[in-house]
A.B. asks: 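Here it is: the structure, laid out below.
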Amino acid sequence: MGGAPSGTAGYDAALERRQALMGKSGPRALVKNWRVARIACFACLGGVLYGYNQGMFSGILVMPSFGKHTNGYIDNPTNKGWLTSILELGAWFGAVMSGATAEIFSRKYGILIATAFFIIGVIVQAVSITGGYKPILAGRFITGIGVGSLSTIVPLYNSECAPPEVRGALVGLQQLAITFGIMISFWINYGCNYIGGTTLETQSDAAWLVPICLQVAPALLLFIGMIWMPFSPRWLLHHGREDEARQVLSHLRHLPETHELVELEFLEIKAQSLFEKRSIAERFPHLQAQTAWNTTKLQFVAILALFQTKAMFKRVIVATITMVAQQWSGINAILYYAPSIFDQLGLSSTTTSLLATGVVGIVMFIATIPAVLWIDRVGRKPVLTIGALGMSLSHFIIAVILAKNIDHFETQQASGWAAVVMVWLFVIHFGYSWGPCAWILIAEIWPLSTRPYGVSLGASSNWMNNFIVGQVTPDMLANITYGTYILFGIFTFLGACFIWFFVPETKRLSLEEMDIIFGSEGTAQADFERMDEINREIGLFDLLNTGRLAARHSHDSEKKHPIEQDV
């Protein structure tokens, strides 16, 4: 018999054995793991709510009846930016708090709490029919808390329920859901724009009120349906509910509890959980009891700890800078202000600009589908790099067209439509790359105990930059015009360089094995010894040795009986 693996060798052995058992990634793996895919699809209703909210408000801003209802408040670019971006400010707050929420109440109940905030916010916006723009500001902030929490907890829930071979695809479903929400919101806006007519004198308040109120339906569906969804097996095990964790893991993998793959994954999760608990007990003994108050205090301690070692700080850099690059690519400037942007590019009719905006939703949704199906085969780095280069080039071309024709689109309609096409091309590049891959990356790089806080940190970076972009874009479009696209293009190109030169590839790796690719420099020798002790204690090494012997025996049998193998 071979000796027990140790240190990173133990991780390598576990990874090698699991990959031999789990098979290939891609569409076939999604069919094989249909139970997980079905649960993830339902959880991604949260992404639909987020996407719908993004796209819906861009169309409402250009509706004559809404401008009249706000008494000219949105005529000022700064006010328009504030009314739009206050949702992102609420989302930042929700994302920051979601780490503690997901750890104390579970990922499942965290989604329920976030959905409740969303519904309350929509109700507050709906009563704005008698209160002007102030209830819309308040309602969008409350809705934002729900949206920010959902944007963090849903990918976390999906990544912890998914096996490694489809984890990227299932987490990518979040972005597909977002783009689906954006797409339907654009076309609902296009249809509702005709309620009562399209002019200031005739258009009804229902034109903008109906799109706002429609959000309640999928939110209620998510809230009610989530009650019957399973808990994350990783959260269950981390909180001492091992029997439930094994049952859920067996159900999600559609395999018996005694199957080697289930047992291997269960023991890996348990090893990482025990490792984190014992590390916390050693470093912060006053916080080792898993009470709600200790967990809340531990959130700040854990976030601080992310900055204290080289390996963890590298994760911080990857998560935060990736989200900075995603937002300063200009994607939400396009989504929040697409009708206004198309108006600047020569599509002066509100109806025509809403129609062009509807095409944005369609091409983004279609472009996201390949990423969901094949991201676990192609990998994160090449997709993010190619997508960023494509987006950057699109921005620079738009800037050149706008600089040459900004006052002449009435006579240079072909140039205007060329710029519109480049906007659509930009959205396509974002749809297959930075849309899904950025969220996949920040959901999968963290150890178990710091994962909620690490994801919250990355998501908070996303939302704070989202807020800033939403706030400044109207003023940028009004004051520096084509310089807006040059700025976004430069940021996007720098994002491509960052991904290519500084971010490691993470495809098909276990959530518990990310420490390897981020380097062992930040992990003390005592940590390796502690993990070895835990692996021996729970029987992971014994299982690996047994599995390798079984695999060797199977391989030897195939050599001895080649005819039987062919049959």
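Hydrogens, waters and symmetry mates play no part in the numbers below; they use all other heavy atoms, side chains included. A quick note: this is a predicted structure, and the numbers were derived from the prediction, not measured.
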A.B. asks: Taking the six-membered ring of Phe57 (Phe, Tyr or Trp), confirm whether the NZ or CZ of Arg140 is under 6.0 Å from its centre and within 45° of its axis.
C.D. replies: yes
A.B. asks: Between Tyr336 and Asn466, does the side chain to side chain contact (heavy atoms under 4.5 Å, CB included) criterion hold? Intermediate values first, please.
C.D. replies: CA-CA 10 Å; Tyr336 294 151; Asn466 197 334; 3.0 Å; yes
A.B. asks: If a pair satisfies ring-ring contact (aromatic ring centres under 6.0 Å, His included) and one of its residues is in residues 112-137, list it, with sequence neighbours excluded.
C.D. replies: Tyr73-Tyr133
A.B. asks: Are a donor atom and an acceptor atom from the side chains of Thr101 and Ser98 found within less than 3.5 Å of each other?
C.D. replies: no
A.B. asks: Of all heavy-atom pairs between Gln471 and Ser85, which one has the smallest distance, and what is that distance?
C.D. replies: OE1-OG, 3.2 Å
A.B. asks: Tell me whether the centres of the aromatic rings in Tyr109 and Phe231 are closer together than 6.0 Å.
C.D. replies: yes
A.B. asks: Would you compute the distance between atom CH2 of Trp293 and atom CD1 of Ile104 and round it to the nearest 0.5 angstrom?
C.D. replies: 10.0 Å
A.B. asks: Would you confirm whether Gln54, through its side chain, and Asn332, through its main-chain N or O, come within 3.5 Å as a donor-acceptor pair?
C.D. replies: no
A.B. asks: How close do Ile153 and Arg107 get, heavy atom to heavy atom, and via which atoms?
C.D. replies: CG2-O, 3.4 Å
A.B. asks: Can you name the closest pair of heavy atoms from Met476 and Thr484 and give their distance?
C.D. replies: O-OG1, 3.2 Å
A.B. asks: Could you tell me the separation between the CD1 atom of Ile123 and the CD1 atom of Ile212, rounded to the nearest 0.5 Å?
C.D. replies: 13.0 Å
A.B. asks: Which heavy atom in Val248 sits nearest to a heavy atom in Pro233, and how many Å separate them?
C.D. replies: CG1-CD, 4.0 Å
A.B. asks: Compare every heavy atom of Ala388 with every heavy atom of Thr492, then report the nearest pair and how far apart it is.
C.D. replies: CG2-O, 3.1 Å
A.B. asks: Using every non-hydrogen atom in the two residues, find where Leu209 and Ala126 come nearest and quote the distance to one decimal.
C.D. replies: CD1-O, 3.8 Å
A.B. asks: For the atom pair OH (Tyr190) and CG (Leu355), what is the distance rounded to the nearest 0.5 Å?
C.D. replies: 5.0 Å
A.B. asks: Please name all residues satisfying ring pair (Phe, Tyr, Trp, His ring centres under 6.0 Å) with Tyr337, sequence neighbours left out, ordered by chain then number.
C.D. replies: none
A.B. asks: Pairing donors with acceptors under 3.5 angstrom, does anything connect the side chains of Asp475 and Thr78?
C.D. replies: yes
A.B. asks: Could you state the interatomic distance from OG1 (Thr352) to CG (Leu347), rounded to the nearest 0.5 Å?
C.D. replies: 6.5 Å
A.B. asks: With side chain to side chain contact (heavy atoms under 4.5 Å, CB included) as the criterion, how do Asn53 and Leu49 come out once you've worked through the C-alpha distance, each side chain's angles and the decisive distance to 0.1 Å?
C.D. replies: CA-CA 6 Å; Asn53 224 282; Leu49 297 177; over 6 Å; no
A.B. asks: Taking the six-membered ring for Trp, are Trp434 and Phe491 closer than 6.0 Å centroid to centroid?
C.D. replies: no
A.B. asks: Show the numbers, then the answer: is there a ring pair (Phe, Tyr, Trp, His ring centres under 6.0 Å) between Phe430 and Trp424?
C.D. replies: CA-CA 10 Å; Phe430 180 87; Trp424 292 340; over 10 Å; no
